[in-house]
Amino acid sequence: MDQIHVTLPDGKVQEVPKGTTPLEIARKISPRLADAALVARISAGNGVPNPNATDNSELIDLRRPLDYDVKLQILTEKDADALYVFRHSAAHLLAAAVTELFPDVKLGIGPPIDTGFFYEFLREEPFTPEDLVKIDAKMRQLAAQDLPNERKLLSKPEAIELYKKTNQTFKCELVEEKATEPVVSFYTTGKFIDFCRGPHIPSTKRITAFKLMSVAGAYWKGQEANPQLQRIYAAAFYTQKELDEYLHRLEEAKRRDHRKLGVELDLFSIQEEAGPGLIFWHPKGGLIRKIMEDWLRDELLHRGYDLVATPHIMKLDLWKTSGHTGYYRENMFGPVEVEKTDYQLKPMNCPGHILIYKARMKSYRDLPVRLAELGTVYRYERSGVLHGLLRVRGFTQDDAHIFCMPSQIESEVEACMDFAFAVMKTFGFDKFEVELSDWDASHPENYTGKPEDWQRATAALAETMTRMNIPFKKIDGEAAFYGPKIDVKLIDAIGRPWQLTTVQFDFNLPARFGLQYIGEDGAKHEPLMVHRALLGSVERFFGILVEHYAGAFPLWLAPVQIEICPVSEKVADYAHQVTDTLKSHGFRVHLDDRNEKLPAKIRDAQLQKIPYMLVLGPKESEAGTVSVRHRTKGDLGPKPLPEVIESLTKEVESKSQ
RNA sequence: GCCGAGGUAGCUCAGUGGUAGAGCAGCCGAUUCGUAAUCGGCAGGUCGCGAGUUCAACUCUCGCCCUCGGCUCCA
């Protein structure tokens, strides 16, 4: 048979000679399509199924001959998958440039990533910024030559021989591991050749909008025992405009960086004298924390939680019972000996809550028991991973543990999710992603808990989500060893996801601690246990809030809500009077009585991102008014003070964003 | 922890083998001012810490601490 049938997305079927390429078909459809085409997607047609496809579709080169019936789709920039192919080709271009400039490098891997690509190299000398400039220039030079990306097939022994000859030990390793068939594919870009599954875009011409961003050490295959390669990261997009937008987003993220704003707004600090990863909350940060915590505690009480408090240090033996000394030891601060007994700084709150549960016999009438604590924990994190407020060594979790009967699971999960959404709404997040992590059912030996527990808990989580109309992504094999969980990721003001809320079942601790309740039947039963944190950590959540609001907190959270700006000392009395009145109405007011001109006072208040400024001069003093300026809306003109108090009170009460 | 880059006044940064400078912030004084910086003066630093080389180290070398970008991990 030398004719094959190619089905296009619109359902039309073309009969073409065997060996016809997607590019040829694209040309037949329209020259413009052929020009825009980057890569093709095929899936099994009506005839012989595609023998290569791992799932039901596969991306292939535009110049790859088709030799069986397929469904074919020509992908252009509009298709999300094409961008990854494009970036992958850009990674090859980087490797081509580097091997030309530095022929002795050993190559690692070079995949596409979310904003571009990287390629790994082993080289004695570190790549310098000057090297990157040279590499960039070489890449542009090669790209301009419009080098084709050509697919070549080699037998496995030939491939290994090729890499042995060129001393590419990592590539040898990859061929050994990944080549499951006798013949493996390579791609050439000019003189450069790389073991690669492909596909690639036809040639280098289009690769113009990229920027080499940084060099970073990365272990071969991510294993610390392996040699460390130099990874060159690059951003890459189809157009310079998109690249510029991305770089602009990076600038925006930098502008919002909570570490920078933390200093500028005097919110918190980390002190070298005290130790890394330990947070000092300054008065303004502390005030915002207080407001957040007050809101949270009120909600906890309204929602049927009990507030508890547990010690920061407890006997090491307790952590043996809980199992933490076994599987969590590398994250714990070392034990402290007191009177010949070892004590442990707590890395988690669970055992404390369990001891409270156990302190009295529980009846089914007591369940669910919901114990909540803003519990400060200490974890040893390796020095290289610490990051502002987002990754620290001491932090306060808004932790709670729910002990319940199986019949109560669903309503408890639902209540947790409802609470999580209340948090999101209150703190101004409106986008989120939910993940449900299940076990890997093929390896029950890696988990505790009975299969029926897993099944029931996972079903409860999934059904609750479905009932609440919450879209979620189920991920198998991502669960902790002790139970399935739901994670909620919030999307912030500039589109970055942050994992905060987690709701986790625990089939491990109730058994380890022998938790019980007396059932209706008079017999002893083991309760189900759920861990849940909404903010995750108060420190981390605060850091995220700072970035989300770019430091401009809504009125109800702002540490200083109103700045009083008298025009001159002549109205000092009136300024004090207005300040006191506002304070008496519960506002956080600051009077700027410095000997400065009004513009300077306005500027400083703006830089401090204070929501409202009240300008007071002789006119206002006469009329008993205040001139209101909003930090983003600007001058709102003079208003009677009672009117301002009323509208600001409403704004605070509604927690409006 | 590892790779790379850094650490100079409260902050942002300049600087040189001969023991340091600017702007802002602070303090003092003048000015009494209308919606993003009034003017002048003063004060402020063991140049991250510890060794070593040198007649002399902030500068060169080594070790350590801390920060940043990654790897890895994660609330």
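In what follows, chains carry the letters A, B, and so on, assigned in the order in which the sequence lines appear, proteins first and then strands, with residues in each chain numbered from 1.
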- Query: NA contact type, P129(A), heavy-atom cut-off 4.0 Å: base, sugar-phosphate, or nothing?
  - Reply: nothing
- Message: It should be established whether R259(A) places a side-chain nitrogen or oxygen under 4.0 Å from OP1 or OP2 of nucleotide G69(B).
- Response: yes
- Query: Between K211(A) and D136(A), is there a salt bridge with N-O shorter than 4.0 Å?
  - Reply: no
- Task: Validate the cation-pi geometry between R231(A) and F118(A): distance from NZ or CZ to the six-membered ring centre under 6.0 Å, angle to the ring axis within 45°.
- Result: yes
- Side chains of R379(A) and Y328(A): is there a donor and an acceptor less than 3.5 Å apart? yes
- Message: In this structure, how many angstroms lie between the P atom of C24(B) and the CD atom of Q608(A), rounded?
- Response: 18 Å
- Message: Regarding E547(A) and R496(A), does a basic nitrogen lie under 4.0 Å from an acidic carboxylate oxygen?
- Response: yes
- Message: Regarding V392(A), tell me which of base, sugar-phosphate or nothing describes its non-hydrogen contacts under 4.0 Å with the strands shown.
- Response: base
- Q230(A) near the nucleic acid: base, sugar-phosphate alone, or nothing, with a heavy-atom cut-off under 4.0 Å? nothing
- Between C3(B) atom P and N226(A) atom CG, what is the distance in whole Å? 15 Å
- Message: Closest approach to the side chain of P599(A), judged atom by atom: which nucleotide of A36(B), A75(B), C3(B) is it?
- Response: A36(B)
- Could you measure between the two C1' atoms, the one in G4(B) and the one in A9(B), and give it in whole Å? 29 Å
- Measure from CG on D604(A) to P on U35(B) and round the result to the nearest Å. 16 Å
- How would you label the contact of A533(A) with the nucleic acid (heavy atoms, under 4.0 Å): base, sugar-phosphate, or nothing? nothing
- Side-chain ion pair, E435(A) and K474(A), N-O less than 4.0 Å: no
- With heavy atoms under 4.0 Å as the rule, sort K601(A) into base, sugar-phosphate or nothing. nothing
- Query: Looking at the side chain of S568(A), which of C71(B), C33(B), A36(B) is the nearest nucleotide?
  - Reply: C33(B)
- Query: Which nucleotide sits closest to the side chain of S383(A): G1(B), U32(B), U35(B)?
  - Reply: G1(B)
- Item | Donor-acceptor contact below 3.5 Å, side chain R532(A) vs main chain D398(A) | yes
- Item | Presence of Y219(A) side-chain N/O under 4.0 Å of G70(B) phosphate oxygens OP1/OP2 | no
- Message: Heavy atoms from C-beta onward define the side chain here; which of G70(B), U35(B), A75(B) lies closest to that of S537(A)?
- Response: A75(B)
- Between E177(A) and K221(A), is there a salt bridge with N-O shorter than 4.0 Å? yes
- Item | C13(B) to U8(B) separation - P atoms, rounded to the nearest Å | 9 Å
- Taking only side-chain nitrogens and oxygens of S214(A), does any of them come within less than 4.0 Å of OP1 or OP2 of G70(B)? no
- Answer with base, sugar-phosphate or nothing: what part of the nucleic acid does S627(A) contact at a heavy-atom distance below 4.0 Å? base
- Atom-to-atom span, CD of E120(A) to C1' of C3(B) - whole angstrom: 12 Å
- K221(A) NZ to C71(B) P, straight-line distance once rounded to whole Å: 19 Å
- For G45(B) versus C33(B), give the span between their C1' atoms, rounded off to a whole number of Å. 36 Å
- Query: More 5' along RNA chain B: R603(A) or L386(A), using each one's nearest nucleotide?
  - Reply: R603(A)
- Judged by nearest nucleotide, the residue sitting upstream toward the 5' end of RNA chain B, P276(A) or G384(A), is G384(A)
- Considering only G34(B), C71(B), A75(B), which nucleotide approaches the side chain of A218(A) most closely? C71(B)
- Message: Rounding to an integer number of Å, can you tell me how far I270(A) CD1 sits from C66(B) C1'?
- Response: 11 Å
- Query: Is R255(A) salt-bridged to E251(A), going by a charged N under 4.0 Å from an acidic O?
  - Reply: no
- Any salt bridge between R123(A) and D131(A), counting N to O under 4.0 Å? yes
- Checking C11(B), C65(B), A36(B) against the side chain of V263(A) (C-beta onward), the nearest is C11(B)
- Euclidean distance for P, G63(B) against G10(B) (whole angstrom): 29 Å
- Query: At under 4.0 Å between heavy atoms, what does E381(A) touch on the DNA or RNA strands: base, sugar-phosphate, or nothing?
  - Reply: base
- Note on the structure: RNA chain B in dot-bracket form (Watson-Crick or G-U pairs under 3.5 Å, [ ] crossing, | inter-strand) is (((((((..((((....[..)))).(((((.......))))).....(((((..]....))))))))))))....
- Same-atom distance (P) from G29(B) to A22(B), integer angstrom: 23 Å
- Query: Out of C2(B), A75(B), G69(B), which nucleotide sits closest to the side chain of Q228(A)?
  - Reply: C2(B)
- Testing A75(B), U35(B), U72(B) for proximity to the side chain of E224(A), the answer is U72(B)
- Task: Mind checking G536(A) for me? I need base, sugar-phosphate or nothing, with any heavy atom below 4.0 Å counting as a touch.
- Result: sugar-phosphate
- Atom P, compared across G17(B) and C2(B): separation rounded to whole Å: 32 Å
- Query: A56(B) and A20(B): how far apart are their C1' atoms, nearest whole angstrom?
  - Reply: 16 Å
- Message: Counting only side-chain nitrogens and oxygens, does H387(A) get under 4.0 Å of the OP1 or OP2 atom of C74(B)?
- Response: no
- Query: Counting side-chain heavy atoms from CB outward, which of A75(B), G1(B), U35(B) is closest to R382(A)?
  - Reply: G1(B)
- Task: Hey, can you tell me if F333(A) and Y378(A) have their rings parallel, tilted or perpendicular (30° and 60° cut-offs)?
- Result: perpendicular
- Could you measure between the two C1' atoms, the one in U32(B) and the one in C68(B), and give it in whole Å? 46 Å
- Query: Does NZ or CZ of R393(A) come closer than 6.0 Å to the centre of the six-membered ring of F395(A), within 45° of the ring's axis?
  - Reply: no
- Send over the distance from L278(A) CG to C66(B) C1', rounded to a whole Å. 13 Å
- Message: Of the listed nucleotides (U38(B), G34(B), C66(B)), which one gets closest to any side-chain atom of E272(A)?
- Response: C66(B)
- Assign Y233(A) to base, sugar-phosphate, or nothing according to its heavy-atom contacts below 4.0 angstrom with the strands shown. sugar-phosphate
- Whole angstrom value for the distance that separates P of G26(B) from CZ of R594(A): 6 Å
- L607(A) near the nucleic acid: base, sugar-phosphate alone, or nothing, with a heavy-atom cut-off under 4.0 Å? base
- Query: Are any of K570(A)'s side-chain N or O atoms less than 4.0 Å away from OP1 or OP2 of C33(B)?
  - Reply: yes
